[in-house]
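Below: one structure, written as structure tokens.
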Protein chains: 2
Amino acid sequence: MPEDVSLATVAARAGVSVSTVSRIVNGEMRRASPATVARVLDAIEAVGYRPNPVGRALKSGQSQLVAMIAANLDNPAMATIASSTEAALREAGYVMVLCDTHDRPELQDEYLYAMRAQMVRGYVLVAAVASPALSELSASGAPMVFVTRRNPSGNGPFVGIDDSAAGAAVADHFADLGRRAPAVVFPRLGSSASRDRVSGFLARLRERGWSDDAIIRADGEGRSHLQIGYDAGARIFGGRDRPDAILCVSDQIAYGVNRRALERGLKIPGDCELVSIDGTPLNQWVAPWLKSIEIPYAIYGAEIVAGLQLIWRGEAFGERLLPYKFG
Amino acid sequence: MPEDVSLATVAARAGVSVSTVSRIVNGEMRRASPATVARVLDAIEAVGYRPNPVGRALKSGQSQLVAMIAANLDNPAMATIASSTEAALREAGYVMVLCDTHDRPELQDEYLYAMRAQMVRGYVLVAAVASPALSELSASGAPMVFVTRRNPSGNGPFVGIDDSAAGAAVADHFADLGRRAPAVVFPRLGSSASRDRVSGFLARLRERGWSDDAIIRADGEGRSHLQIGYDAGARIFGGRDRPDAILCVSDQIAYGVNRRALERGLKIPGDCELVSIDGTPLNQWVAPWLKSIEIPYAIYGAEIVAGLQLIWRGEAFGERLLPYKFG
DNA sequence: GACAGTTTGGCAAACGTTTGCCAAGATCGT
DNA sequence: ACGATCTTGGCAAACGTTTGCCAAACTGTC
């Protein structure tokens, strides 16, 4: 209903100037007598005034918008991160702008420029990829938080898990279970997360007596983790050395590997134990055969926003490693 | 790099006035001599000018923002709609703001007001729920497109499938297969989509000779379709009349029903044929046992944006029913 | 009763645009 | 050579805010 109500509308109704209303709206109550304040507050109520974020942004040089630049929304894990971040931002009075880069650096750059033009308050980069605009922006000191993958150019605030430790935990699990032929499946173009998971896994296996070439490694090309798992599965199950335990660095890779296993008539987890890192809740429903390191994506949003707020206040925010569960 | 470049920067460098630059930026080439145009274009290039969307929005009363108000991002189908819409909007030069209402009317209202304050160009409502602000906004003639669920208050532009026909197609499938005891599982608080799917299914079964009480109906409470399916599954499989074919009005409901079936030791699709309406690509990987009406969510974005553009041009846009595939 | 200090509130500029209007200068027809 | 018309471009207002600064009008003090 309130169509065109601005400070001027309120000011006219309360019989004061625009500046007085503005100050009251912004909580500077000392700048007016109690009587005036009351009159203005009444007027605000009466006409249903709400501050115009655009005018505010123009004047102050920053909007209430926060950009989330994500690599791929079709990935349930990222969708959950997006959803929880959106909720946390709203809670804090901000509005989330969502950009899906499909993992392409040019698109990421286009978005970064567009978002700066929008005077966004901050950037949340989920699984960011290296790109010119990113290093530029990161160097300029813009408020940003990296999620899942660390800043590909330099470092910066990070929210995620201890990927290396997660990989090691899976190695321990395989070893404790008495498995003899462990394997790991990962994307060829690894992010920092993938790499850390794999190297943590390998390092722990070495510590527990495996020789390096006794560990089967299979990577897959492309951006689709489903396809990566499926392709790698072909090589793993087709080779001479059949693994009896496989670490998949993401849920989707595990889905792909499992499909291949099914096609080959293998029993999961009977013939081969499958463990993934992600552990989205959907697994319980559609992939009960899958054991996972569960990453608490649903609380990422709160951590991300807490981090942003620290940065806005000028305080330090290095990294926040969240606890995972091996369920 | 270009930090604070505005029309004024360009104007100063080209030795013309701000207005001239503005007009040229907006393509009004006839308002200046070719020489001037060239000079201005050079200056724009040199300083790396990009129009400030905030200033523009303030002046023109509308931003380049389009609000997507979705019920639940954790649902892969909606995530895909969000992703494809985002891509189509970017293509057309707009920026998507994402709001997740978790199906709650108050939150939806909060968002609608916030988005109007942002002077968004249009609204995309995915699975909208009835709420005061929605009827208000819808009555005010704001540009909006309803997706998946029709406008709960009145009608408006719609993008979706012919839900009733989809339900009927499943009924035909069951009949043709010779199934004798069909069932349907749906959420108690049905959206227009759910209702149409169910009624299309029932109507066709009646046409093909079933009496109304021979058809098993099971609904479930709550917002989680997974849980709805799981709960309904308990009743369906626990009852005396075991169905031999079940229509689940969404993928997630089917996941829930299937889990229950597994727990009861039933073979899907051997003992009972399961068909869902949604058919997200993930099914091929994690639910090969599920037959689906496949809704082309990946092309929703393009249709939605095309619809918005029609509306912006003042042309009519009633509804767009997209073809589904029964795969 | 004069002076300083404090309240209270308004004026006006600024943020980056867009656009109606006006004014020179150029072009043309007669 | 003179008015009519067109071209080219600038001035200034406006969109809704915020905020530095100034000016009344109080309050209190000696």
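Across all strands shown, Ser22(B) has heavy atoms under 4.0 Å from base atoms, whether or not it also approaches the sugar-phosphate. Residue Val16(A) is classed as a sugar-phosphate contact, given heavy-atom separations below 4.0 Å to backbone atoms only.
Within the 4.0 Å cut-off from OP1 or OP2 of dT18(D), at least one side-chain nitrogen or oxygen of Asn26(A) is found. The side chain of Arg23(B) places no N or O atom within less than 4.0 Å of a non-bridging phosphate oxygen (OP1 or OP2) of dT19(C). Note on Ser33(A): a side-chain N or O is less than 4.0 Å away from OP1 or OP2 of dG9(C). OP1 and OP2 of dC11(D) both lie 4.0 Å or more from every side-chain N or O belonging to Ser17(B). Look at Thr20(B) and you'll find a side-chain N or O under 4.0 angstrom from OP1 or OP2 of dG10(D).
The closest donor-acceptor contact from the side chain of Arg320(B) to the backbone of Val159(B) lies at 3.5 Å or more, if one exists at all.
For the side-chain contact (heavy atoms from CB on, under 4.5 Å) test with Ile44(A), the passing option among Val25(A), Val5(A), Leu7(A) is Val25(A); the others fail. A side-chain contact (heavy atoms from CB on, under 4.5 Å) with Val40(A) holds for exactly one of Thr36(A), Val37(A), Asp42(A); it is Thr36(A).
Glu28(B) has its CD atom 14 Å from the C1' atom of dT17(C), to the nearest Å. For the pair Leu58(A) CG and dT19(D) C1', the computed distance is 14 Å after rounding to whole Å. At whole-Å resolution of the value, CG in Leu7(B) and C1' in dC15(C) are 12 Å apart. Whole-Å rounding puts the Asn52(B) CG to dC15(C) P distance at 12 Å.
Within the 4.5 Å cutoff, the side chain of Arg90(A) has no heavy atoms near those of the Asp100(B) side chain.
How far CD of Glu86(B) is from CE of Met68(B): 9.5 Å, rounded to the nearest 0.5 Å.
When each of Met29(B) and Lys59(B) is assigned the nucleotide of DNA chain D with its nearest heavy atom, Met29(B) is the one assigned upstream, toward the 5' end. Annotation: of the two residues near DNA chain C, Ser19(A) and Pro34(A), the 5′-most nearest-nucleotide partner is Pro34(A).
For dG9(D), the base has a donor-acceptor partner in the side chain of Arg31(B) [N/O atoms by modelled type, under 3.5 angstrom].
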